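Let me begin by presenting the structure, written as C-alpha cells, before commenting on it.
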Protein chains: 2
Amino acid sequence: MNEARDNLGPLDRLAGYHFRRTSSAMRKDFEKAVDGLGISQVSFAVLSVISANPGIRQGEVGRMLDIQRANMVTMIGDLTKSELVTRGRDESDRRAVTLSLTPRGQDQLAASLARIQAREAKALEGLDEKQVAALIATLNAIRRNCENAD
Amino acid sequence: MNEARDNLGPLDRLAGYHFRRTSSAMRKDFEKAVDGLGISQVSFAVLSVISANPGIRQGEVGRMLDIQRANMVTMIGDLTKSELVTRGRDESDRRAVTLSLTPRGQDQLAASLARIQAREAKALEGLDEKQVAALIATLNAIRRNCENAD
DNA sequence: TATTGTTATACTCTATAACTATA
DNA sequence: TATAGTTATAGAGTATAACAATA
C-alpha cells in the first residue's frame, strides 16, 4: 500500500533541505491561517515584538528579528498606513523612532495569533507540549551554531 | 553574565517563527559553504535528484521538490547552460523532457556536497547521528501535517 | 566619526496565466 | 480533453549603497 519513497539522493540526509521544506510548508500554512488579514510572517513578528515592548526603537526590532534597516522602513510605513502601528520620537535620542501598537494593531495581533495557534496545533499533531519546547530549543541551538560560524 | 533574553511576545512560542529563522540561518550557511560555485539550495537539490534518478522527467523533479513547472524551465535552462545537466526527449512520450547530469555536473554535486556536509556538521554540533535522524523524521511529520491540512 | 533612519534600487524566489505540442 | 513543457510577467522578500539628521 505504501508507495516506494522518492529517491532524493544525498539531499535526503541533509538537515538544511528538510528545514527549507518544512519552513516553506509552515509558511503556506501561516498564509492560509491569516488569509484576508493582510499580514505576513514577518509583519506578524514585528507586531508581536512591538506588543511585548511598547515604545521600542525601530532599529532594535530589526536587530531582534534580523530585518535590515532599509526593509524596516517600508514595513513600518505599511503598518502605519494600515493604522496598526504608531511612530514616535525618542526624546533622549532624536534620531530614533519609537514604535507602539494602536488598539487596532492589538486586535489584529490577537486575532491572527488565535488563528495561527489553531493551525500550529494541527501541524504539530503528535508532539506534546514538552516535545515542542524541546524542538524549539533544538532549533535555537542550531541557529546559534550557524550564526557563530566564521 | 547572560544578557536577559529578547522578549518577542507570543512569537517566541510559535514553532513556525523558529523554523523560519533556523531555515534562513542554514540557507546563509549553505551559501557560504558553496561560495563561488554558483549554486543555490534549490539547484543543488535538483542536481541531487537527477543524480539519483538519471533520465528522470523534468516534471517529476519538480513534483518531488515542490518546484513549479514554469520555474523548472528557467532552472534547467541555467543548469544546461552551465553544462551541469543535459536534456533528452522521452521516446515513449515525446512531450516529456528527460534529465541527466554531465560529468561536470557530477563533479559539481560531489564538490558542493562535501562542503555542505562539513558546514552541517558544525551547525548540528551537539546532536549525534541518531538525534539528527529523529529531527529529520520530526520535520517530515510536521511537513506532512501541513500539506494534508485542508 | 558613528549611528538612526531614509531613499532608491536590484536581485532572487516564487506564483499565475496563456500558449504549444503531444497524448 | 488532459498533460508536459514553455513564455512572459508580477509580486514577495531580501540585500546594498548613498544620503540626512543627530549623537
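Since the structure is predicted, the reported quantities are computational estimates derived from the model, not experimental observations. Chain letters run A, B, ... following the sequence lines, proteins first and then strands; every chain starts at 1.
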Inset, instruction - Identify whether the distance between the nearest side-chain nitrogen and carboxylate oxygen of A/Arg63 and B/Asp6 falls below 4.0 Å. - result: no
Inset, instruction - Report yes if a side-chain nitrogen or oxygen of A/Arg27 is closer than 4.0 Å to either non-bridging phosphate oxygen (OP1 or OP2) of C/dC13; otherwise report no. - result: no
Inset, instruction - May I ask you to say what A/Arg69 touches in the nucleic acid, namely base, sugar-phosphate or nothing, with a heavy-atom cut-off under 4.0 Å? - result: base
Inset, instruction - Return no unless some side-chain N or O of B/Gln41 is found under 4.0 Å from OP1 or OP2 of C/dT12. - result: no
Inset, instruction - Look at the side chain of B/Asp93 against the base of D/dA4 and say whether a donor-acceptor pair falls under 3.5 Å; ignore hydrogens and angles. - result: no
Inset, instruction - Nearest whole angstrom, please: distance from the P of C/dT7 to the CE of A/Met75. - result: 16 Å
Inset, instruction - Between A/Arg95 and B/Arg63, name the one whose nearest nucleotide on DNA chain D is closer to the 5' end. - result: B/Arg63
Legend entry - Polar pair under 3.5 Å, donor/acceptor by atom type, side chain B/Asn71, base C/dA15: yes
Inset, instruction - Specify the separation, in whole Å, of atom CZ of B/Arg20 and atom P of D/dG13. - result: 9 Å
Inset, instruction - Would you classify B/Arg89 as touching base, sugar-phosphate or nothing, given that sugar-phosphate means primed atoms plus P, OP1 and OP2, and contacts are heavy atoms under 4.0 Å? - result: nothing
Inset, instruction - Please state whether the phosphate of C/dA15, meaning OP1 or OP2, lies under 4.0 angstrom from any side-chain nitrogen or oxygen of B/Gln68. - result: yes
Inset, instruction - Provide, to the nearest angstrom, the distance between the CZ atom belonging to B/Arg21 and the P atom belonging to D/dG13. - result: 15 Å
Inset, instruction - Look at the aromatic rings of A/Phe19 and B/Phe19 and report parallel, tilted or perpendicular, splitting at 30° and 60°. - result: tilted
